[in-house]
Amino acid sequence: MKKWSVVAIMIAASGAGQAFAAPTLTGKAPLVLGHRGAAGYLPDHTLAGYSKAIEMGADYIEPDLVSTKDGVLIVRHEPNIKDTSDIASHPEFAARKRKFKIDGAEEEGWFVFDFTLAEIKTLRAIQPRADRSAAYNGQFEIVTFDEVLALRAAKSKETGREIGIYPETKHPTLHQQLGLPLEEKLITALKKYNLNHKDAPVFIQSFETSNLKALRKLTPVKLVFLVDGNEVRADGSIDSGKPYDFVVNGDPRSFADMLTPAGLKEIKQFADGIGPWKPYLMSWKFKTDTAGNKIDVNGDKEIDQRDASLLPPSSVVQDAHKAGLFVHPFTFRNEAKLLASDFKGNPEAEYEAYFALGVDGVFSDFSDTALAARKLFLAK
């Protein structure tokens, strides 16, 4: 299979010799989705981070929802907050560190559902990624979903543009098992801010199908099935794993199975779009030694995407659009080690390549870069 250049991908996707228009499901410009706020610059899921994403021009902001012990929805990437908060420096909570299985995998740390909201409010957010600035650690509160919705409303009024909200229900089966279901509290919060209607600037996302089906009965807002993956193998194929509700219900299918035409047709019955891990749309492969190990092509003593080259795109975007589903891949980041060698360290080139495939939006840690790339892409 031949290697495609970024330019070749864009030409093939748009149609050589034709007047260029956004190849999205609706023909509109792809959305920029502020992933966890402005995660490339500030700690995840803080009001400061969401405000920065809005100021940069993000169309939507994305809060991940988990529940406290007393049933309040707060925004954290995971129930385990050992890496996203300063809880390790709070001796009063040292005894609550424990091991717990999240979707069948044992973790050690401090879990939101062991704490009341009042206790959570004594903590501060920190940067979870070691390769990003820790300068803002300890400065920002952990916030509730209600506080994010209030910020969205205020910023929409202040900026004169309606900013969208893109909440994710994290581990919904687990929350059900804990007696802390997320769905009705989420919808109640949307109703409070007049966002529980068909035309509301809202997407609700989940890596599980069961709670999307439950949400479909509770709300007319747009629903999105997220499609995860564990890793990209050396040959570019994806170790996909499976939705946790499939594990619990004995469904043998994987995430990848849901991206077949038959799977997409099924998704359309309970969701409006998909949010796939981006290599499902366009993967990358590594050179390997005789033992099948990935080779450090650039000689920097690290194996990362800079050592990989792009493969031709899959048909997932076209297949999803044919099924009437929009496509919002995740997650786009600026760090060079997260960019295939074809992009030569330029994150805007990666965005443009995926825009050319017809994606309808992108989850980005750097909304400013995504917006600059979108502007450049649409100008072409």
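Everything quoted here is computed from the prediction, not taken from an experiment. Count residues from 1 along the sequence.
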Joint cluster assignment, Phe330 & Ile61, ILVMFWY side-chain distance < 4.5 Å: yes

Electrostatic pair Asp114-Arg98, nearest N-O below 4.0 angstrom: yes

Derivation of the ring-ring contact (aromatic ring centres under 6.0 Å, His included) call for Phe326 and Phe203: CA-CA 11 Å; Phe326 55 76; Phe203 297 98; 5.3 Å; yes

OH (Tyr136) with more than 12 external heavy atoms under 6.0 Å: no

Steps toward side-chain hydrogen bond (donor to acceptor under 3.5 Å, both in side chains) verdict (His35, Asp44): CA-CA 8 Å; His35 186 241; Asp44 300 353; over 6 Å; no

Asn334 side chain to Thr369 side chain, donor-acceptor N/O pair below 3.5 angstrom: yes

Candidate pair Phe246 and Phe255, rule ring-ring contact (aromatic ring centres under 6.0 Å, His included), full reasoning: CA-CA 10 Å; Phe246 281 19; Phe255 277 113; 7.6 Å; no

Donor + acceptor pair across side chains of Asp365, Tyr41 (<3.5 Å): no

Donor-acceptor pair between Thr122 and Glu119 side chains, under 3.5 angstrom: no

Taking every non-hydrogen atom, the tightest pair across His175 and Ser67: NE2-N, 3.1 Å

Polar side chain donor-acceptor pair, Ser206 to Asn211, under 3.5 angstrom: yes

Distance, nearest 0.5 Å, that separates CD1 of Ile74 from CZ of Phe115: 10.0 Å

Residues Glu141 and Thr46: side-chain donor-acceptor under 3.5 angstrom: no

Could you pull out all donor-acceptor pairs under 3.5 Å where a side-chain atom in residues 100-108 meets a protein atom, sequence neighbours excluded?
| unit_1 | atom_1 | unit_2 | atom_2 | d |
| --- | --- | --- | --- | --- |
| Asp103 | OD1 | His171 | ND1 | 3.4 |
| Asp103 | OD2 | His171 | ND1 | 2.7 |
| Glu107 | OE1 | Asn80 | ND2 | 3.1 |

Within 6.0 angstrom of Lys278 NZ, more than 12 heavy atoms from elsewhere: yes

Lys294, NZ atom: more than 12 neighbouring heavy atoms under 6.0 Å: yes

Donor-acceptor pair between Thr144 and Asp146 side chains, under 3.5 angstrom: no

Test: Lys301 and Asp296 ion pair at under 4.0 Å: no

Closest approach of Met56 to Ala38 (non-hydrogen atoms, all atoms of both residues): CE-CB, 3.9 Å

Indicate every side-chain donor-acceptor pair of residues 217-231 with a distance under 3.5 Å to a residue at least two apart or in another chain.
| unit_1 | atom_1 | unit_2 | atom_2 | d |
| --- | --- | --- | --- | --- |
| Thr219 | OG1 | Asn196 | OD1 | 2.5 |
| Thr219 | OG1 | Val221 | N | 3.2 |
| Lys222 | NZ | Ala200 | O | 3.3 |

Parallel, tilted or perpendicular: rings of Phe113 and Phe111 (30°, 60°): parallel

Glu184 atom CD: more than 12 heavy-atom contacts under 6.0 Å: no

Plane angle bin for His45 and Tyr50 - parallel if under 30°, tilted between 30 and 60°, otherwise perpendicular: tilted

Test side-chain hydrogen bond (donor to acceptor under 3.5 Å, both in side chains) applied to Asn194 - qualifying residues, sequence neighbours left out: none

Worked check of ring-ring contact (aromatic ring centres under 6.0 Å, His included) between Phe332 and Tyr354: CA-CA 10 Å; Phe332 289 78; Tyr354 280 86; 5.2 Å; yes

Heavy-atom closest pair, residues Ala58 and Leu371: N-CD1, 3.8 Å

